[in-house]
Amino acid sequence: MRIAFHETSKTFHLYNEAISYIVTIMRNGHLGQVYFGKRIRDREDFTYFMETCERPMTSYIYEDDRTFSLEHMRQEYPVFGTTDYRQPAVEVRQENGSRLSDFQYENHEILKGKPKLSGLPATYVESEEEALTLRVALKDGLTEVRVELFYTIFAEGGALARSVRFYNDGGQPVWLERAMSLSLDLPDCDYVWQQLCGRWAGECQVRSRALTQGVQAIGSMRGNSSHEHNPFLALKRSHTDERQGEVIGFSFIYSGNFRIQAEVDAHDTLRVMAGINPETFSWKLDAGESFQTPEAVVAYTDQGLNGMSQIFHKLYQKRLARGYWRDRPRPILINNWEATYFDFTEERLLEIAAKAKECGVELFVLDDGWFGKRNGEKAGLGDWTANRDRLPHGIAGLAQRVEALGMKFGLWFEPEMVNKDSDFYRERPDWILATPGRSQSHGRFQYVLDFSRKEVVDAIYEQMAKILREAKVSYTKWDMNRSITECYSGAWPADRQGEIYHRYILGVYELYERLTTEFPEILFESCASGGGRFDPGMLYYAPQGWTSDNSDAVERLKIQYGASMCYPISSMGAHVSVTPNHQVFRNTPLHTRANVACFGTFGYELDLNKLTQEEIQEVKEQIDFMKKYRGVLQFGKFYRLQSPFEGNEAAWMAVSDDQKTALVGWYRVLNCVNGRYTRLRLEGLNPSFCYKNARNGMRHYGDELMYAGLITSDETAGQIPAGVEPYTDFESRIYVLEVDES
């Protein structure tokens, strides 16, 4: 790992064993993008990569040089209006209305380690030896606005972290109208765009298309990162698959409005940008003020999509998630929501908990409906005190009774929302986001609290902290069930209303930071009607998130497969729920529901008292299996093997760090008869290790399993013989492969 600066060519070269990132100071003082990709040998001058020529209909900066035009230069932080007609990374509006800027190199600094971003989630290091950071300062001489670009390269892996900080060193206010966190100009556009899109109950669907001239983008203007578009993008070569080929991945560590876009110009060069969505953003910088953008991470590999994902998995699992639970296997939980919804009593909850304890469950979670006058979704939000009609012993008493069963206790909150039918709202009706003179839209009969105001965050913090101080709470599920409308805050002047979306998210982060600091051993799980805010920003505060409200095993194959493109398995909340499923009303076998959920943090979302004795025995065996192997499942190296988006079968696997244990999940959606023989090529095994297959006792060397494949054929390859229990739709198996030490 090194950051070299070559004075003669004015070139920076950031590199480790995996990647090189090369930047140069161009003739006009702006930064130019030279190269990003696989590690190349360092040398004094790489600027020959910056090709220039005279082109018709081009505007030039210098009268003596009809080749230097920003329209045809690859840049690091481009501006609009001074010969570049592509979309810019930054726009600074002056009081006279001008949006032109001229950010020229001022100085640079190479730092050991990685600076912390104040008030924002970001990757981190635990020692200075883990990373180096380049800080490059640029300044606009007219407005005296200074821009600092931060580049962090890590000692290991193909990831680079990027962010930007603005300072107004001038005497007049300016407005940031666009402040992207990352801009990367690439020399060609021969990539396939791959995104994670969807909807409520159908998040993280993998969608691909070839890049073409023009702008392609994903983003959100909902106030949350959204079910519709995850803040992640992969650009892969057309021949790239899971195992081989070049991929560049982009991930934005932010939980609010974002945009990630690719612009292909008329000469097939490519500009990729990631940052806060400029459509809903403006930030006033008074003299002496500063602004920090969220962090974006870009990753490169030539080892295919699995290789890209493993870069993000390792970085986000170990150097984005934090705290007590970062490296600990997650407790097996049961949540009462789909078992009872709002219809419960304290004794009913204890019946569910007692049965769960009998089966080996470790954590009981009380979901919505425990507070205020919350008998349904129309009342109670904001009044975070126990409903004594339902819980006569309060939260502290219920937690004590659950602990007496030998289980931990968890509790649901939705701290960012309020119902108008609540004491909290009646006392503070001006504490919601609402535009004067306009109607107030609701979602699920709830309204969004104005988290841009410190007093609102303080009030919610005090309510939550009081409960967590008084009761033995080991887990907190933080939900958020609607997007923002009428985004106006009465606490801020007119010329700062463009800041409210971002200030809201900063308030959410502040509340998370205060609670996780005071209660460091509580396991926080983020949720936003499932995957509405399943993003890297949340992972910094909550090491796991509820991946989707859709708990159907077949749908979860796609959702969890897609999420694994960027997010580690330890971050994915995954539960076994009742059948017929409450979202799609599908009946799936109990073992398949568990076989999907175990590639996640694992839990149950049903009343175990309603199962048969045979099913209870199966649940006990599932829990024993999960306790034995959850370290590998949640923290092992994960490989996608077969895509549920491409056929009737899907498969994935996790391998322990020492390569001695592998768990392979295999899933068939629809049954068949007289079908083909099937075989699955595995990944990540040691070629020379001999693995025993726990299903049939057979032994195979790792090279056999990876290059010839694991046989997955069953009796459906032919006619099912008499006496054999027939298979059905939605079949699945977990293959346990362990090194035979005998």
Side-chain angles (χ1 to χ4, degrees), residues 550-561 574-600 602 604-606 610-626 629 633 639-654 662-682 691-698 700 705 708-738:
N550 191 341
S551 56
D552 173 71
V554 176
E555 293 300 309
R556 273 302 189 104
L557 287 174
K558 292 181 177 180
I559 294 167
Q560 291 173 214
Y561 186 98
H575 295 172
V576 177
S577 62
V578 70
T579 61
N581 176 265
H582 286 190
Q583 290 78 50
V584 301
F585 307 102
R586 180 185 282 128
N587 286 292
T588 54
L590 181 56
H591 69 272
T592 290
R593 285 175 267 158
N595 289 346
V596 175
C598 72
F599 284 87
F602 199 74
Y604 292 85
E605 193 106 2
L606 47 76
K610 295 182 178 180
L611 301 188
T612 66
Q613 283 301 101
E614 292 78 9
E615 289 172 325
I616 289 295
Q617 182 58 37
E618 189 174 347
V619 166
K620 290 178 179 179
E621 292 170 1
Q622 292 168 358
I623 292 172
D624 288 343
F625 174 86
M626 193 64 194
Y629 291 110
L633 291 163
Y639 296 86
R640 293 178 299 272
L641 303 177
Q642 284 184 281
S643 171
F645 296 97
E646 296 176 1
N648 190 46
E649 295 177 3
W652 50 44
M653 65 183 292
L663 287 302
V664 182
W666 177 89
Y667 312 90
R668 182 174 58 218
V669 177
L670 297 180
N671 203 19
C672 61
V673 64
N674 199 21
R676 65 187 179 93
Y677 296 118
T678 56
R679 194 183 299 179
L680 192 61
R681 289 176 58 191
L682 306 187
Y691 294 88
K692 181 179 179 181
N693 185 337
R695 286 188 66 85
N696 56 23
M698 294 185 67
H700 303 279
L705 294 167
L710 171 71
I711 292 175
T712 58
S713 305
D714 56 27
E715 286 80 357
T716 60
Q719 183 173 348
I720 299 176
V724 173
E725 183 176 350
Y727 292 93
T728 66
D729 292 340
F730 322 126
E731 180 54 43
S732 69
R733 300 169 216 141
I734 299 292
Y735 293 91
V736 179
L737 304 171
E738 295 185 285

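- To the nearest 0.5 Å, the span separating CD on Gln642 from CH2 on Trp666 amounts to 9.0 Å.
- Taking all atoms of both residues into account, the shortest heavy-atom contact from Ser551 to Asn581 is OG-ND2, 3.3 Å.
- Around NZ of Lys692, the count of heavy atoms belonging to other residues, nucleotides or ligands within 6.0 Å does not exceed 12.
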Verdict with supporting geometry, Leu663 and Val736, side-chain contact (heavy atoms from CB on, under 4.5 Å):
CA-CA 5 Å; Leu663 287 302; Val736 179; 3.5 Å; yes
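- Taking each heavy atom of Leu680 and Ala651 in turn, the nearest pair found is CD2-CB, 3.6 Å.
- Residue Gly665 comes nearest to Ile734 through the heavy atom pair CA-CD1, 3.8 Å, listed as atom of the first residue, atom of the second, then distance.
- Each side-chain hydrogen bond (donor to acceptor under 3.5 Å, both in side chains) pair with one or both residues in residues 672-681, not counting sequence neighbours, appears once here: Thr678-Thr712.
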After noting the C-alpha distance and the side-chain angles of Arg733 and Arg695, does the key distance pass the side-chain contact (heavy atoms from CB on, under 4.5 Å) rule?
CA-CA 9 Å; Arg733 300 169 216 141; Arg695 286 188 66 85; 3.5 Å; yes
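- For Thr728 against Pro589, the heavy-atom pair with the smallest separation is OG1-CG, 4.1 Å.
- Atoms NE2 and CZ, from His575 and Arg556 in turn, are 8.0 Å apart once rounded to the nearest 0.5 Å.
- A pairwise comparison of heavy atoms in Leu670 and Phe730 identifies CD2-CE2, 4.4 Å as the closest pair.
- Note that the CG atom of Asn595 and the CD atom of Glu731 stand 8.5 Å from one another [nearest 0.5 Å].
- For the side-chain hydrogen bond (donor to acceptor under 3.5 Å, both in side chains) test, no residue two or more places apart in sequence or in another chain qualifies with Tyr691.
- In this structure a side-chain-to-backbone donor-acceptor pair under 3.5 Å is present from Glu618 to His591.
- Between Ala597 and Ala574 the shortest heavy-atom distance is O-CB, 3.5 Å.
- Note that CD of Gln622 is 8.5 Å distant from CZ of Arg593, once rounded to the nearest 0.5 Å.
- Listed by chain and number, the residues in a side-chain hydrogen bond (donor to acceptor under 3.5 Å, both in side chains) with Asp552 are Arg586 (sequence neighbours excluded).
- Applying the side-chain contact (heavy atoms from CB on, under 4.5 Å) criterion to Ala662, with sequence neighbours excluded, gives Met653, Val655, Leu685, Leu737.
- With sequence neighbours excluded, the residues satisfying side-chain contact (heavy atoms from CB on, under 4.5 Å) with His700 are Met698, Glu704, Leu705.
- When each of Asn648, Thr716, Thr592 is checked for a side-chain hydrogen bond (donor to acceptor under 3.5 Å, both in side chains) with Arg668, only Thr716 meets the rule.
- By the 30° and 60° cut-offs, the orientation of the rings of Trp652 relative to Phe599 is tilted.
- With sequence neighbours excluded, no residue forms a side-chain hydrogen bond (donor to acceptor under 3.5 Å, both in side chains) with Thr588.
- To the nearest 0.5 Å, atoms OH (Tyr727) and CG (Asp714) are separated by 4.5 Å.
- Using cut-offs of 30° and 60° for the angle between ring planes, the Tyr604 and Phe602 rings count as perpendicular.
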Show, in sequence, the C-alpha distance, side-chain angles and deciding distance for Asn693 and Leu710, and conclude whether the side-chain contact (heavy atoms from CB on, under 4.5 Å) test is met.
CA-CA 10 Å; Asn693 185 337; Leu710 171 71; 3.7 Å; yes
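- For Leu590, the CG atom is densely surrounded, since the number of other residues' heavy atoms within 6.0 Å is greater than 12.
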